[in-house]
Protein chains: 2
Amino acid sequence: MTEISNAEFEVLEALWQNFPASANDIIAKLNESTDGADDKNQDKQWHDKTVKTLLNRLVKKQALSFEKQQRHYLYTPLLEREAYTLKESKSLIERMFSGKVAPLVAGFAKQNDLNKDDINALKSLISDWEKNND
Amino acid sequence: MTEISNAEFEVLEALWQNFPASANDIIAKLNESTDGADDKNQDKQWHDKTVKTLLNRLVKKQALSFEKQQRHYLYTPLLEREAYTLKESKSLIERMFSGKVAPLVAGFAKQNDLNKDDINALKSLISDWEKNND
DNA sequence: ACCTATAGATTACACTTGTAATCATCACTG
DNA sequence: CAGTGATGATTACAAGTGTAATCTATAGGT
């Protein structure tokens, strides 16, 4: 229920990608370079202490649970990624676009931030919607 | 360049709706009940001191300018609403959906948060896009 | 069995944010 | 002309955030 901060979200993100996971697993995942061909990718390095702090805060916020596994903990997210991202999306769209998703997409279109794949994905969504809502 | 907080955004929002405006204009606008038929609309009341603080912060952040008009100031936004909302949208979509807008829309669809109007708006966007991208 | 490296807990600390109250100045009112 | 009420400036202050360092207990190596 409490708010998840940006840094906390990134930690959760790492956990969602594979869980349950130990603090070290998560730290490793966070520091994995998201290598693409471009080398201007100087991904921030996460300091181990920082990640531990964030894990603690997430536990306090009941965004994840942990269970003792011999010496260390294994963490598991208590939030579903999809539910969380939807909530955040809706919140932004509510605040900025009166709850309508189309104006957001329109902004992307205007900026030339859509490609054929995006358009196809949207078309497919629409046809699904129409199938279910005759 | 600095970040605009949520509360600051709401103040900016009021200003975008009509500017230049005095602090009092803005406070009035913010406290205008966004009346709909539903009376469970107990819009938060903005305290005059609070709004003044936020205006000052926005000036410091160079999000708006002001000019002395006799005794009081007239404020004018320095950011365009559309540019700002686009930037925020892109940032969220980058963080949560790898930069792809379709998954966000898919979330809305899944939750039944789209209606015929939304679908039509999206279709129209798509056909415009296709017109410009053969 | 002891010492050390380590994992998690606790503490730190500056900056931002939400929310105002207080201070200083000045224009208008009686 | 003096007092008051408004306007903007300054100050306040707790909670949240990003970013760690220090403390404490303990598991594992020698």
Side-chain angles (χ1 to χ4, degrees), chain A residues 1-15 19-31 42-76 79 84 87-88 91-92 95-96, chain B residues 1-15 19-31 42-76 79 84 88 91-92 95:
Chain A
M1 203 38 114
T2 354
E3 287 308 309
I4 306 283
S5 78
N6 286 358
E8 286 160 1
F9 175 76
E10 294 200 52
V11 170
L12 252 177
E13 189 74 300
L15 190 55
F19 62 85
S22 70
N24 281 342
D25 293 342
I26 294 169
I27 293 163
K29 173 78 71 180
L30 283 168
N31 285 332
Q42 23 66 296
D43 290 321
K44 81 172 278 181
Q45 274 301 109
W46 289 81
H47 194 294
D48 123 317
K49 303 301 187 180
T50 302
V51 178
K52 302 278 186 78
T53 299
L54 293 171
L55 285 171
N56 270 319
R57 289 183 184 167
L58 285 165
V59 168
K60 282 218 189 74
K61 292 181 178 184
Q62 295 180 281
L64 47 87
S65 68
F66 59 105
E67 42 179 343
K68 196 154 262 165
Q69 173 77 3
Q70 57 200 48
R71 276 324 101 212
H72 52 342
Y73 291 163
L74 284 188
Y75 296 90
T76 306
L79 293 177
Y84 180 74
K87 186 166 74 61
E88 289 302 300
S91 156
L92 178 138
R95 294 190 310 117
M96 317 210 153
Chain B
M1 200 40 112
T2 353
E3 287 309 309
I4 306 283
S5 78
N6 285 359
E8 287 159 1
F9 175 76
E10 295 200 53
V11 170
L12 252 176
E13 190 74 299
L15 190 53
F19 63 83
S22 69
N24 281 341
D25 293 342
I26 296 169
I27 293 163
K29 174 78 71 178
L30 283 167
N31 285 331
Q42 24 66 296
D43 291 320
K44 81 173 277 179
Q45 273 301 107
W46 289 82
H47 194 294
D48 122 318
K49 304 300 187 180
T50 301
V51 178
K52 302 277 185 80
T53 298
L54 293 172
L55 285 171
N56 270 319
R57 289 183 184 166
L58 285 165
V59 168
K60 283 217 189 73
K61 291 181 178 185
Q62 296 180 280
L64 48 85
S65 68
F66 60 103
E67 41 178 344
K68 196 152 263 167
Q69 173 78 3
Q70 56 197 48
R71 275 323 101 214
H72 53 341
Y73 291 163
L74 284 188
Y75 296 90
T76 307
L79 294 177
Y84 180 75
E88 289 303 299
S91 156
L92 178 138
R95 293 191 312 116

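The structure displayed is predicted, hence computed values, not measured ones. By convention in this document, chain letters (A, B, ...) are assigned in the order of the sequence lines, proteins followed by strands, and residues within each chain are numbered from 1.
Taking atom CD of B:Gln45 as the reference point, atom C1' of C:dT19 lies 14 Å away to the nearest angstrom. Protein atom NZ of B:Lys60 is 14 Å distant from nucleotide atom P of C:dC15, rounded to whole Å. The interatomic distance linking B:Asp25 (CG) with D:dG8 (P) rounds to 10 Å, in whole Å. As a whole-Å value, the separation of A:Leu55 CG from D:dT19 C1' is 14 Å. Protein atom NZ of B:Lys52 is 12 Å distant from nucleotide atom C1' of C:dA20, rounded to whole Å. Per the geometry, CG belonging to A:Leu30 stands 14 Å off C1' belonging to D:dG18, to the nearest Å. Spacing between atom CG of A:Leu54 and atom P of C:dA9 amounts to 14 Å, rounded to whole angstrom units. Atom-to-atom, CG of A:Leu58 to C1' of D:dG16 comes out at 13 Å; the value is rounded to the nearest Å.
Rounded to the nearest 0.5 angstrom, A:Thr2 OG1 and A:Lys60 NZ are separated by 11.5 Å. Put simply, NZ on A:Lys61 and CG on A:Leu12 are 10.0 Å apart, with the number rounded to the nearest 0.5 Å. Taken to the nearest 0.5 Å, the OH atom of B:Tyr73 stands 13.5 Å off from the CD1 atom of B:Ile26.
Relative to the side chain of B:Glu3, the nucleotides D:dG8, C:dT17, C:dG8 differ in distance, and C:dT17 lies closest. Closest to the side chain of A:Thr53, out of C:dA21, D:dG8, D:dA20, is D:dA20.
Looking at heavy atoms from C-beta onward, A:Leu15 lies out of side-chain contact with A:Leu58 at the 4.5 angstrom threshold.
Heavy-atom nearest nucleotides on DNA chain D were determined for A:Ile4 and for A:His47, and the one closer to the 5' end corresponds to A:Ile4.
At D:dA20, one or more side-chain N or O atoms of A:Thr50 fall inside 4.0 Å of OP1 or OP2 (strictly under the cut-off). Distances shown here put a side-chain N or O of A:Lys61 below 4.0 Å from the OP1 or OP2 atom of D:dT17. The side chain of B:Ser5 contributes an N or O atom lying less than 4.0 Å from OP1 or OP2 of C:dG18. Side-chain N/O atoms of B:Asn6 include none lying less than 4.0 angstrom from OP1 or OP2 on C:dT17. Side-chain nitrogen and oxygen atoms of A:Tyr75 include none within less than 4.0 Å of the OP1 or OP2 phosphate oxygen of C:dA7. Note on A:Asn56: a side-chain N or O is less than 4.0 Å away from OP1 or OP2 of C:dA9.
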Practice prompt. Assess whether side-chain hydrogen bond (donor to acceptor under 3.5 Å, both in side chains) is satisfied between B:Thr53 and B:Asn56, documenting all intermediate values.
Written response: CA-CA 5 Å; B:Thr53 298; B:Asn56 270 319; over 6 Å; no

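The base of C:dT10 does not come close enough to the side chain of A:Arg57 for any donor and acceptor atom to sit less than 3.5 Å apart. A donor N or O paired with an acceptor N or O is not found under 3.5 Å between the base of C:dT19 and the side-chain atoms of B:Lys49.
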